[in-house]
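Within every chain, numbering begins at 1; the chains are lettered A, B, ... in the order of the sequence lines, protein sequences first and strands thereafter.
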Amino acid sequence: AQSVTQLGSHVSVSEGALVLLRCNYSSSVPPYLFWYVQYPNQGLQLLLKYTSAATLVKGINGFEAEFKKSETSFHLTKPSAHMSDAAEYFCAVTLAGNNRKLIWGLGTSLAVNP
Amino acid sequence: DTGVSQDPRHKITKRGQNVTFRCDPISEHNRLYWYRQTLGQGPEFLTYFQNEAQLEKSRLLSDRFSAERPKGSFSTLEIQRTEQGDSAMYLCASSRGTSGDVDTQYFGPGTRLTVL
């Protein structure tokens, strides 16, 4: 069965610093991978997704993620953090041919300090 | 494209009462999902519809929970005899369901349930 591990439940960075949020997955077949962001009292918004095309995926708000099969990782990065990036970030996996239900990590809360 | 909507946004109820939530998916999306999210956790899959057919239910969905999507459009999730452990955010998502494509799920704002 597939699963997702997000290392670090809380990450704090300074404004303008690099953001790195870690996600490792477990899957016996090639997965589809997603990053979603959740702002307080709001629903989940898709940041980006990996669809087995390019391994480096660019998303909204300057975020990108790289799929590394050898490391079973899909870490999320942003070169320069902005105060508005403070939110909860979730990594999720699903399988092609499945009912496409998403299996989620526990989330990483990102704080951005001025 | 108006997005996924959920109603109500907040619900406070007493233990033992029944509650019903509604989800309106993006029009022409034929897949609809329900998830539950508790504080500090990621969402957990509850159930999934392809048009009006409920194709999968999680073991998390006890017999007190029932979901319907009668005409393949909006969906309702009912919880009978609520318990304090049911307190959570209930999320609805919809997707196009296009075969052969990565099927992106779009989420509504959620319904926060508090059982006293």
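At a 4.5 Å heavy-atom cutoff, B:Q50 makes no contact with chain A through either its backbone or its side chain. There is no contact between A:Q6 and chain B, counting heavy-atom distances below 4.5 Å.
Criterion: ILVMFWY side-chain heavy atoms under 4.5 Å apart, direct or through other members. Under it, B:F45 and B:L55 are part of a common hydrophobic cluster. B:W34 and B:F74 fall into different hydrophobic clusters, defined by Ile, Leu, Val, Met, Phe, Trp and Tyr side-chain heavy atoms under 4.5 Å apart, directly or through other members. A:V4 and A:V37 fall within a single hydrophobic cluster, where Ile, Leu, Val, Met, Phe, Trp and Tyr side chains are chained together by heavy-atom contacts under 4.5 Å. When the side chains of ILVMFWY residues are joined at heavy-atom separations under 4.5 Å, either directly or via intervening members, B:L113 and B:L60 end up in a single hydrophobic cluster. Using a 4.5 Å cut-off between side-chain heavy atoms of Ile, Leu, Val, Met, Phe, Trp and Tyr, with links allowed through other members, A:V93 and A:W35 fall into the same hydrophobic cluster.
Expressed to the nearest 0.5 Å, how far CD of B:E44 lies from CD1 of A:I103 amounts to 10.0 Å. Taking CD from A:Q38 and CG from B:L91, the interatomic distance works out to 6.5 Å, rounded to the nearest 0.5 Å. For the atom pair A:L46 CG and B:Q105 CD, the distance stands at 10.0 Å (nearest 0.5 Å). A:K101 contributes atom NZ, which lies 13.0 Å from atom CZ of B:R31 (distance to the nearest 0.5 angstrom).
Environment of CG in B:L39: sparse, with no more than 12 heavy atoms of neighbouring residues, nucleotides or ligands closer than 6.0 Å. Atom OH of B:Y106 has 12 or fewer neighbouring heavy atoms from other residues, nucleotides or ligands inside a 6.0 Å radius. Crowding of B:E68 atom CD: a count of heavy atoms from other residues, nucleotides or ligands under 6.0 Å not exceeding 12. Surrounding CZ of B:R64 are more than 12 heavy atoms belonging to other residues, nucleotides or ligands, all under 6.0 Å away. Residue-environment remark: CD1 (B:I12) stays at or below the threshold of 12 foreign heavy atoms within 6.0 Å.
Taking each heavy atom of A:L44 and B:F107 in turn, the nearest pair found is O-CB, 3.5 Å. The nearest pair of heavy atoms linking B:T104 to A:Y36 is CG2-OH, 4.4 Å.
Contacts from residues 105-114 of chain A to chain B, taken as heavy-atom pairs separated by less than 4.5 Å, involve A:G105, A:L106 in sequence order.
Side chains of A:F90 and B:Q41 form no contact here, defined as non-hydrogen atoms less than 4.5 Å apart. Within the 4.5 Å cutoff, the side chain of A:W104 has heavy atoms near those of the B:Y35 side chain.
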